[in-house]
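Here the structure is laid out as structure tokens; the discussion comes afterwards.
Computed from heavy atoms alone, side chains included, the values below leave out hydrogens, waters and symmetry copies. Chain identifiers are assigned alphabetically (A, B, ...) following the order of the sequence lines, protein sequences preceding nucleic acid strands; residue numbering begins at 1 within each chain.
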There are 2 protein chains.
Amino acid sequence: MSSSSSPRPSTTHDVARLAGVSQATVSLVLGGNPRARVAAATRERVIRAAEELGYRPNIVARGLVRGRSYALGVIVPDLANPFFLEVVRGIERVASTAGYAVLLCDARETTPARHLEALRARLIDGVIVDPLGVEGLPADSLTDLNLVVVDQPSERWPGVASDAEGAGRLAAEHLLALGHREVAMVGPATDVHSFRMRERGFTRALRAAGVALPSGWLRRAPATVAGGEAAMRALLPRRGSRPTAVFCTSDLLALGALKACATAGVAVPGAMSVVGCDDIEMARVVTPELTTVAVPARELGARAARLLLRQLDGRGGETRPGRVLPVRLVPRGTTAPPPTDP
Amino acid sequence: MSSSSSPRPSTTHDVARLAGVSQATVSLVLGGNPRARVAAATRERVIRAAEELGYRPNIVARGLVRGRSYALGVIVPDLANPFFLEVVRGIERVASTAGYAVLLCDARETTPARHLEALRARLIDGVIVDPLGVEGLPADSLTDLNLVVVDQPSERWPGVASDAEGAGRLAAEHLLALGHREVAMVGPATDVHSFRMRERGFTRALRAAGVALPSGWLRRAPATVAGGEAAMRALLPRRGSRPTAVFCTSDLLALGALKACATAGVAVPGAMSVVGCDDIEMARVVTPELTTVAVPARELGARAARLLLRQLDGRGGETRPGRVLPVRLVPRGTTAPPPTDP
DNA sequence: GCGGTTTGCTAATACGTATTAACAACCATG
DNA sequence: CATGGTTGTTAATACGTATTAGCAAACCGC
């Protein structure tokens, strides 16, 4: 029912028969290795025959003999976060132009360990892990795997990273320059390195300026809009003091914070300044537009993919740390000097 | 450098040696077919040996002999659109619990034809195509492929769909009930069936109520925030009449429209009502919250995956059209009666 | 005990490609 | 012309699994 009389796809044997050569010769001509010594005339005949039959190499068979699948795995914490999606797109572009397929794994759907199991069974050539607790993975399940980590410096695996600490610092300096002294911070509780570093950069810059971050003003929430909303609500008590500015270590959190302010009738940026981090597209959609720190997500992904591909080609030797990708503050509408009349 | 002395993963031969049986027996015990006749004691020995060696079947090898790869391809128009992402998540959950991997293809990165080529080479078992012009694909490249289409009724392939026409109708009826008579519509120019149907449902309901849709108020724009913004700007002339409400056939467009209104100082919903379609998460993030039509994206994906899997199992016979998934209006903050003083 | 059936296992082969050792043909050199 | 090297092609094998035909043993009824 599904498929009718499908003409079995042609193989190297078919091509060989038509070209009047052996299968081995066909493989030599068509299978990668361009420097194989084959007479020009023969090569020509083979190519012509292959075209005539519409021959396409069977990547599975090739993978079986070469022990490769020409596919990469990518594990991200949460695809619904546009930031990670952007990283994935960077990876995908590089990978696909190099002839590699990408198997996407959302850590929220299954545990990374299970994902790895499934990937390994498919002879995945390598895996890119976005800032997810790789350290927590079963170590033995990783030893024989080509792995590149994103935004998560590690002794054991090569990786690429953005200047996460710098991102936090930029946010702090921006708020300090505007005159804020009563600031809060919202970040996820997960042990994701880049988030940790953003927090550290922020708190350090604050401390360097002699500004304290009361423990009550450090809110933990999942890196989602709903999380940001809840955290912000907690920062807006009915009575008592409240911060004049808040730094969210993810734009999704910041969007949630804005939402909470709107609901509570707190003017942004008049009564409350908000700074996000990532610079996702939605940051420019809300009104006022979100002040944030731009992180080159796509470039991060692209670099990770290139690094992994180099490694697969054996040219992995040059695993120098790799320049940390710079971030930059994007001042927009959600930040202003603190209200003069508290 | 990358990987140390990796102990080659064990094969059926290794298990056979340890268990003192032949490779064939191991394959009979561990390879799918549970009704193979193998003595209980032998089966036990094999399983024990497999566990001891940590044996995992090589899916690539299995795929080669069975002509299957246990992987699905999914082609979507634009992953950056949360709606399609949600569809993908629905697919992924069903597929992965059934042991299938998912190869994601974003139509914006490469042409669908190229994607199909790459998928076919990997012995992909089946493909799910989101409302993308399948009709425009090279027909011969599809004949021998198990394919399921989403939101795109077709004679040639089974599929699942949401009530796209109903979505448009609901939006129209909502605006009409509020008293709007001067309405506009924004939708993408691409030939995507569900968008077409949403438009049709909208315009038909309008016509049925005796309300005309001037051609100038039917704006075409790519289904992105930027597209919606541009379209809305065009609907807000410096002078002359403007609509009192607009229906955007995608939430992203609607968000852009809201943005344009905010920039132009047009009050929503006071001076302009906006209705979207999809009910993505961001619809509830903006202020005021977006009135929209909820479409069960995840369920759509899950059903498509189940349909495809059934087909792969040969149980494809029952390819009844499949119930059209209902949609529902979600009235929120961006719609209100038209301004009384025009 | 003897045909016949069932049960349990294995040898052999296939899937489609890559790779290597071996071989034939050709060339150049002396 | 013998020798040695180079070039072009192929036969054979491997990758790890699934599957089928077939074999040996056990079991059956009589």
Side-chain angles (χ1 to χ4, degrees), chain A residues 6-47 49-50 53-71 99 120-125, chain B residues 6-47 49-50 53-71 99 120-125:
Chain A
S6 51
R8 181 182 55 77
S10 48
T11 73
T12 44
H13 291 97
D14 302 329
V15 176
R17 206 172 309 125
L18 180 58
V21 299
S22 77
Q23 178 270 334
T25 304
V26 175
S27 184
L28 285 181
V29 174
L30 303 176
N33 216 332
R35 52 156 192 66
R37 37 178 217 194
V38 176
T42 311
R43 161 168 277 132
E44 185 64 25
R45 268 220 316 289
V46 170
I47 292 179
L53 293 177
Y55 169 78
R56 297 280 164 235
N58 182 330
I59 298 196
V60 173
R62 175 178 295 176
L64 180 59
V65 48
R66 292 220 263 226
R68 293 271 212 99
S69 68
Y70 300 94
R120 175 189 313 283
R122 290 187 169 74
L123 297 189
I124 281 299
D125 298 334
Chain B
S6 52
R8 179 182 56 78
S10 48
T11 72
T12 44
H13 291 96
D14 302 329
V15 176
R17 205 171 310 124
L18 180 58
V21 298
S22 77
Q23 178 269 332
T25 304
V26 175
S27 184
L28 285 181
V29 173
L30 303 176
N33 216 333
R35 51 156 195 68
R37 37 179 215 192
V38 175
T42 311
R43 160 168 279 132
E44 185 64 24
R45 270 220 316 290
V46 170
I47 291 178
L53 293 176
Y55 168 78
R56 298 279 165 236
N58 181 330
I59 298 196
V60 173
R62 174 179 295 177
L64 181 59
V65 48
R66 291 220 263 227
R68 294 272 212 99
S69 68
Y70 301 94
R120 176 189 311 283
R122 290 186 168 76
L123 297 188
I124 282 299
D125 298 333

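- DNA chain C is contacted by both B/A61 and B/A41; B/A41 maps to the nucleotide lying nearer its 5′ end (nearest heavy atom per residue).
- Along DNA chain D, the nucleotide nearest to A/A40 and the one nearest to A/A24 differ in position, and the one closer to the 5' end is contacted by A/A40.
- The side chain of B/T11 places no N or O atom within less than 4.0 Å of a non-bridging phosphate oxygen (OP1 or OP2) of D/dG16.
- In this structure the side chain of B/L30 reaches within 4.5 angstrom of the side chain of B/V46, judged on heavy atoms.
- Annotation: the span from A/I59 atom CD1 to B/I124 atom CD1 amounts to 10.0 Å, rounded to 0.5 Å.
- Here the nucleotide nearest the side chain of A/L28, chosen from C/dT20, D/dG8, C/dT17, is C/dT20.
- Between B/L64 atom CG and C/dT13 atom P the separation is 18 Å, expressed in whole Å.
- Proximity note for B/V65 (side chain, C-beta onward) versus D/dT9, C/dA14, C/dG8: the nearest is C/dA14.
- Atoms CG (B/D14) and C1' (D/dC15) sit 13 Å apart, rounded to a whole Å.
- Between the side chain of A/Q23 and the base of D/dA11, no donor-acceptor pair of N or O atoms lies under 3.5 Å.
- The phosphate of C/dG8 has neither OP1 nor OP2 within less than 4.0 Å of any side-chain N or O from B/R37.
- The side chain of A/T25 contributes an N or O atom lying less than 4.0 Å from OP1 or OP2 of D/dT10.
- Note: CZ (B/R17) to P (D/dT17) measures 12 Å, nearest angstrom.
- Rounded to an integer number of Å, the gap from A/R62 CZ to C/dG16 C1' is 11 Å.
- One finds no side-chain N or O of B/S27 lying less than 4.0 angstrom from the OP1 or OP2 phosphate oxygen of D/dT17.
- Residue A/Y55 places at least one side-chain N or O closer than 4.0 Å to OP1 or OP2 of C/dT17.
- With rounding to whole Å, A/L53 atom CG is found 15 Å from C/dG16 atom C1'.
- Taking 4.5 Å as the limit, some side-chain heavy atom of A/I47 sits within range of a side-chain heavy atom of A/V29.
- Looking at heavy-atom distances under 4.0 Å, B/V21 makes contact with sugar-phosphate atoms alone, never a base.
- Put simply, B/R66 has no side-chain N or O that comes within less than 4.0 Å of OP1 or OP2 on C/dA14.
- The shortest heavy-atom contact between B/Y55 and B/T12 is OH-CG2, 3.4 Å.
- In this entry the distance linking CD1 of B/I59 with C1' of D/dC15 reads 16 Å, nearest Å.
- Remark: the backbone N or O of A/P9 is not paired with any side-chain donor or acceptor of A/R56 at under 3.5 angstrom.
- Atom NE2 in A/H13 sits about 11 Å away from atom P in C/dA14, given to the nearest Å.
- The phosphate of D/dT17 (OP1 or OP2) has a side-chain N or O of B/T12 nearer than 4.0 angstrom.
- Between A/R37 atom CZ and A/R43 atom CZ the span is 12.5 Å, to the nearest 0.5 Å.
- Atom-to-atom, CZ of B/R43 to P of C/dT7 comes out at 14 Å; the value is rounded to the nearest Å.
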